Amino acid sequence: MKLVTFNHHQQTRIGAVVADTVVDSLGQAQIPNDMISFLSAGGCASEAMQALIDNDQSTRLPLADVKLLAPVPRPGKYLAISLNYADHIAETGKERPEYPSFFSKHSSCIIGQGDAIHRPKVSDKLDYEGELAFVIGQRCRHVPVEQAAQVIAGFTIANDVSVRDWQIRSPTMVLGKSFDTCGPLGPWLVTPDEIGDPHNLTLKTWVDGELRQDSNTRHMLFNCYEMIAYLSQAMTLEPGDVISTGTPAGVGVKMTPRGYLKPGQTVRVAIENIGMLSNPVIVEPDGLL
Ligand code: MG
């Protein structure tokens with residue numbers, strides 16, 4: 001299943017993408033309106049969605065007529081790993097980490113397919129990082145590596161957009177990774193049965209027509225299951241939590257000259273068996289007060 005969170009006529013709800021339509025869950029009592037509740041409901045909600053997909057009488061909206069939001073617009077946790085591809089470690093000149101190195105992206109940075117990334121007022125060092133992300137499907141703690149696959153609800157695409165000068169100012173990296181709009185996520189959540197091996201997927205990032213990143217998830221140092229085992233030693237993972245699995249080489253900060261994102265450009269991240277996440281870059285609009 002390709003699960004989406006979408007808005008149609010001012011109502012947000014869950015659906016499933018089939019070809020160029022969204023199977024609509026409106027009015028289906030067994031299918032909650034938000035993704036965290038949907039995932040928390042477990043098998044019964046998932047089976048109800050599958051039944052809707054299989055029923056050719058169910059309501060289908062043209063994909064072009066709905067506004068896709070991030071599949072999980074406000075997860076309880078959004079964690080990301082740094083330095084998880086050997087070629088990216090090499091381009092940064094850093095040591096290969098002994099332990100997985102996680103940081104938090106605050107969930108308020110998340111945007112969906114087609115939403116604009118803001119080039120901040122306070123920095124022109126805006127950079128992309130194409131990444132495979134996965135979403136937790138059940139509450140879990142101390143998950144053994146060999147059982148970790150069963151707690152993954154699905155996979156999606158993340159762009160770990162980073163404001164590089166703010167990132168390196170602080171060892172926590174939190175602010176530089178959490179500027180508003182620095183969390184493109186989507187376009188949908190693909191269930192593991194449609195992914196195959198998550199550790200053998202091509203991953204590519206373009207800025208406009210220029211291919212910047214071209215790799216495969218098999219080059220991860222710590223794989224998805226090892227990340228779950230490690231994280232769940234420290235904290236309970238919960239339905240909807242998003243974990244992004246690191247970026248390969250080719251980020252703008254390591255290009256000569258530097259390839260930072262500029263207003264007017266579009267950044268696209270494509271991952272095999274998932275699809276493509278596309279976001280334009282604009283000047284940050286005036287703030288709220
Ligand atoms: Mg990253």
Side-chain angles (χ1 to χ4, degrees), residues 70 72 75 77-97 99-111 117-118 120 123 125-135 155-186 198-199 201-207 212-224 226-228 230-231 241-255 258-261 267-271 274 276-277 279 281:
V72 192
K77 294 190 273 303
Y78 183 3
L79 291 150
I81 190 169
S82 55
L83 301 176
N84 200 34
Y85 281 75
D87 57 354
H88 179 56
I89 295 168
E91 73 178 352
T92 62
K94 300 239 170 68
E95 293 286 309
R96 187 184 169 107
Y99 298 103
S101 178
F102 286 99
F103 57 91
S104 281
K105 284 176 82 76
H106 281 250
S107 60
S108 53
C109 78
I110 291 177
I111 60 174
I117 300 165
H118 298 169
S123 174
K125 296 176 176 56
L126 182 70
D127 209 351
Y128 51 85
E129 294 189 357
E131 306 193 2
L132 175 70
F134 62 87
V135 175
F155 295 85
T156 188
I157 302 170
N159 188 346
D160 176 19
V161 178
S162 307
V163 180
R164 296 298 186 197
D165 47 351
W166 281 63
Q167 177 187 335
I168 62 171
R169 270 179 205 175
S170 153
T172 71
M173 305 198 295
V174 169
L175 290 185
K177 292 287 194 176
S178 299
F179 269 58
D180 285 358
T181 74
C182 281
L185 193 69
H199 305 114
L201 303 173
T202 58
L203 185 164
K204 298 183 183 199
T205 305
W206 293 264
V207 176
R212 298 281 185 93
Q213 298 186 288
D214 185 0
S215 190
N216 188 292
T217 58
R218 68 172 173 268
H219 299 305
M220 284 183 201
L221 256 54
F222 300 102
N223 71 33
C224 300
E226 291 165 336
M227 286 183 224
I228 289 168
Y230 189 75
L231 283 169
D241 286 352
V242 176
I243 294 148
S244 198
T245 63
T247 203
V251 294
V253 67
K254 296 302 172 189
M255 293 172 65
R258 299 205 204 282
Y260 292 128
L261 295 170
V267 54
R268 294 178 295 142
V269 184
I271 298 182
I274 301 179
M276 183 181 287
L277 174 66
N279 299 89
V281 181

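Owing to the predicted nature of the structure, the values given are computational and were not obtained by experimental measurement. Each ligand, and each atom within it, is numbered from 1 in the order the structure gives.
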Without swapping roles, check the side chain of Thr181 against the backbone of His118 for a donor-acceptor pair under 3.5 Å.
->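 Yes.
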
Main-chain N/O of Gln213 paired with Thr205 side-chain donor or acceptor, under 3.5 Å = no

Relative to the Mg ion (ligand 1), which of the N, O or S atoms in [X] is the closest?
| X | result |
| --- | --- |
| Glu129 | OE1 |
| Asp160 | OD2 |
| Glu131 | OE2 |

Roughly how far, to the nearest 0.5 Å, is the OH atom of Tyr260 from the CZ atom of Arg164?
-> 7.0 Å

Quick one: sort the Trp166 and Phe179 rings into parallel, tilted or perpendicular, breaks at 30° and 60°.
-> perpendicular

